[in-house]
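Data first, discussion second: the structure below is written as structure tokens.
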There are 2 protein chains.
Amino acid sequence: MDHSVLSAPPAIDRIIIDAILAGRISAGTRLGEQSLATLFATSRTSVREALIRLEARGIVHISPRRGWFVIEPSWEEAQEAFQARCAIEMDILRTVATVPSATIAALRDHIRQERAAIAGDDVGLRSYLLGDFHVCMVEALGNRILADILRDLTARTVLISALYQSTHDATESCNEHQQIVDDLAAGDLDRAAALMVAHIGNVEAGLTKRIDTDPLFDLRQALRIEPTRAGTNPPR
Amino acid sequence: MDHSVLSAPPAIDRIIIDAILAGRISAGTRLGEQSLATLFATSRTSVREALIRLEARGIVHISPRRGWFVIEPSWEEAQEAFQARCAIEMDILRTVATVPSATIAALRDHIRQERAAIAGDDVGLRSYLLGDFHVCMVEALGNRILADILRDLTARTVLISALYQSTHDATESCNEHQQIVDDLAAGDLDRAAALMVAHIGNVEAGLTKRIDTDPLFDLRQALRIEPTRAGTNPPR
DNA sequence: GGCAAGCGTCTTGCATACAAGCTTGTTAGA
DNA sequence: TCTAACAAGCTTGTATGCAAGACGCTTGCC
């Protein structure tokens with residue numbers, strides 16, 4: 001959450017990503033160029049560039065001449081995202097040779113922050129830290145490329161969790177993080193990898209599948225309209 | 001190489017990526033906005049958007065007020081890229097349940113094209129197909145997200161191969177692809193995964209490390225200047 | 001001869017203007 | 001009353017203009 005190093009320019013895309021990671025922006029949210037330009041006191045050009053960057057990273061998508069929207073991953077895409085995370089995090093834990101003690105210390109400190117956020121009432125910070133743990137771990141373990149990829153996947157995962165009403169508990173997640181770091185510190189990398197797979201599996205298992213082929217799902221449910229009526233299974 | 005489906009707009013970034021994949025653009029190449037705009041008969045705006053997309057995908061980078069350049073991965077980044085590829089391709093092979101016969105057929109056809117390109121003299125097409133095989137495989141095996149990620153990694157890898165003077169033979173690569181598909185067809189996924197890891201390892205082993213911390217390496221070598229002279233180890 | 005300051009040219013950074021298309025509200029007609 | 005065509009407003013798509021900075025050359029000085 002702290003990008004205040006060396007008077008870093010608070011990039012627009014960074015702010016949007018952070019908001020997504022904190023759960024303040026949910027899937028399907030519309031992001032108007034002019035609105036954002038006004039908000040950030042800049043021109044549409046800069047905003048547009050930021051949105052293009054986010055599109056390339058798979059965070060938003062554009063509907064031509066209609067607007068920018070935060071992605072709404074389908075159930076299949078959600079599963080693919082989780083598989084991708086599994087692949088990356090499992091591999092990094094299995095491949096790494098030794099874990100410097102400084103890395104362990106940093107991760108433990110991160111977990112401390114997680115606990116503090118969970119104890120507090122800042123839901124956004126909690127969501128952010130819980131996701132950021134994985135990114136920090138991969139980066140600390142020495143692969144920046146995978147860390148960058150995982151960062152985007154984490155944003156996707158946060159959106160997915162909100163979209164498919166994750167029931168996984170924050171405290172539980174944090175405990176699992178703790179165990180992984182413990183195994184890492186003990187040098188038992190295989191067990192750490194196995195725990196990581198289980199952890200990600202737990203989060204994924206907490207999702208509830210819904211009829212994602214129906215773009216009117218939310219509205220239909222809110223209005224209590226039976227799917228037997230007209231408008232069922234419209235083209236996506 | 002064929003993006004002629006439904007009169008698809010030949011996007012600028014796509015063309016640039018294809019050129020990189022074919023080895024026609026090498027690491028460090030400067031990509032001027034105005035030059036590209038003239039070449040594509042469009043304005044700088046569109047070019048700039050394409051370059052921003054490529055930047056987000058890690059293919060080019062920008063030096064403020066100086067210009068856009070194709071990335072020149074360091075030796076460490078090269079290793080990270082290969083590790084990332086390994087992670088993804090190994091995982092997809094280990095995770096997939098069953099491989100449809102249509103998929104096998106498509107991959108075999110792809111290999112046929114590879115052989116044809118190797119027999120012919122189109123070095124660009126050869127390079128493109130050899131890299132594209134992996135992307136096609138992951139996509140055919142059902143994970144679009146990983147396929148997209150791998151596509152970018154493949155571009156990186158092609159640049160790396162040229163930069164670090166890969167000695168790996170095209171025919172050899174193609175044979176290894178063949179073996180992998182054979183194992184896939186036989187249902188021996190574990191062996192396919194192992195072969196894939198070996199295959200990627202072979203390519204990586206064919207690279208020759210060079211002093212990549214020295215931005216003057218090429219010039220220095222061309223001029224036969226000993227590193228003991230002035231200008232050694234300049235700041236990056 | 002060597003060095004440094006100054007200037008010109010070329011590049012990107014950013015903002016703005018206008019064109020094109022989608023959405024929605026309105027109105028005319030059956 | 002319902003349908004369909006039309007029009008207005010708002011959104012993105014694209015181009016252009018100007019400002020700011022970097023590089024390379026020239027010029028002047030020591």
Side-chain angles (χ1 to χ4, degrees), chain A residues 3 6-16 25 27-72 215-216 218-220 223 229-231 234-236, chain B residues 3 6-16 25 28-72 215-216 218-219 223 229-231 234-236:
Chain A
H3 23 75
L6 266 175
S7 74
I12 297 176
D13 45 355
R14 180 69 192 247
I15 294 177
I16 295 177
I25 294 180
T29 302
R30 189 185 134 86
L31 300 172
E33 292 182 6
Q34 190 56 62
S35 311
L36 291 174
T38 307
L39 250 49
F40 288 106
T42 179
S43 74
R44 273 181 52 219
T45 307
S46 311
V47 171
R48 196 174 164 81
E49 290 185 357
L51 288 171
I52 289 173
R53 259 185 285 268
L54 291 179
E55 187 191 30
R57 296 171 62 180
I59 309 293
V60 306
H61 76 104
I62 187 168
S63 185
R65 307 257 179 205
R66 283 189 2 98
W68 298 86
F69 301 87
V70 178
I71 55 160
E72 298 178 272
L216 304 177
D218 284 323
L219 188 55
R220 191 189 302 276
L223 300 178
R229 282 227 220 165
R236 207 188 180 225
Chain B
H3 25 75
L6 269 175
S7 73
I12 297 176
D13 44 356
R14 179 69 192 250
I15 294 178
I16 295 177
I25 294 181
T29 301
R30 189 185 135 87
L31 299 172
E33 291 182 7
Q34 189 57 60
S35 311
L36 291 173
T38 307
L39 249 50
F40 288 105
T42 181
S43 73
R44 274 181 52 216
T45 309
S46 312
V47 172
R48 196 174 164 80
E49 290 186 357
L51 289 170
I52 289 173
R53 260 183 284 268
L54 291 179
E55 187 190 30
R57 296 171 62 182
I59 309 294
V60 306
H61 76 103
I62 187 170
S63 184
R65 307 253 181 209
R66 284 190 358 100
W68 299 86
F69 300 87
V70 177
I71 54 160
E72 298 178 273
L216 303 178
D218 285 321
L219 187 56
L223 299 178
R229 283 228 221 162
R236 209 185 178 224

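The chains referred to below are lettered A, B, ... by the order of the sequence lines, with proteins before strands, and numbering in each begins at 1. Please read these numbers as outputs of a predicted model, since none were measured by experiment.
- For A/Arg65 against C/dA20, a side-chain N or O and a base N or O form a donor-acceptor pair under 3.5 Å.
- A/Gln34 places its CD atom 10 Å from the C1' atom of D/dC10, with the value rounded to the nearest Å.
- Without hydrogens or angle criteria, A/Arg30 side chain to A/Arg66 main chain gives a donor-acceptor distance under 3.5 Å.
- In plain terms, the two heavy atoms of A/Ala56 and B/Ala56 that are nearest each other are CB-CB, 3.6 Å.
- Between the CG atom of A/Leu31 and the P atom of D/dT12 there is a distance of 10 Å, given to the nearest Å.
- Note: CD1 (B/Ile62) to P (D/dG21) measures 15 Å, nearest angstrom.
- At whole-Å resolution of the value, CD1 in B/Ile52 and P in D/dT14 are 14 Å apart.
- Put simply, B/Thr45 has no side-chain N or O that comes within less than 4.0 Å of OP1 or OP2 on D/dT16.
- Rounded to an integer number of Å, the gap from A/Glu33 CD to D/dT14 P is 11 Å.
- Following rounding to the nearest Å, A/Glu49 (CD) and D/dT14 (P) show an atom-to-atom distance of 15 Å.
- With the nearest nucleotide of DNA chain C identified for both B/Gly32 and A/Ser43, B/Gly32 has the one nearer the 5' end.
- Backbone-only contact: A/Thr42 has heavy atoms under 4.0 Å from sugar-phosphate atoms and none from a base.
- The line from CG of B/Leu36 to CG of B/Leu51 is 6.0 Å long, rounded to the nearest 0.5 Å.
- With rounding to whole Å, A/Arg66 atom CZ is found 8 Å from C/dT24 atom P.
- Taking atom CZ of residue B/Arg44 and atom C1' of nucleotide D/dC18, one finds them 11 Å apart after rounding to whole Å.
- B/Arg48 comes within contact range of the sugar-phosphate backbone alone, with a heavy-atom separation under 4.0 Å but no base atom that close.
- When all heavy atoms of A/His61 and A/Glu55 are compared, the pair lying nearest together is CA-CG, 4.3 Å.
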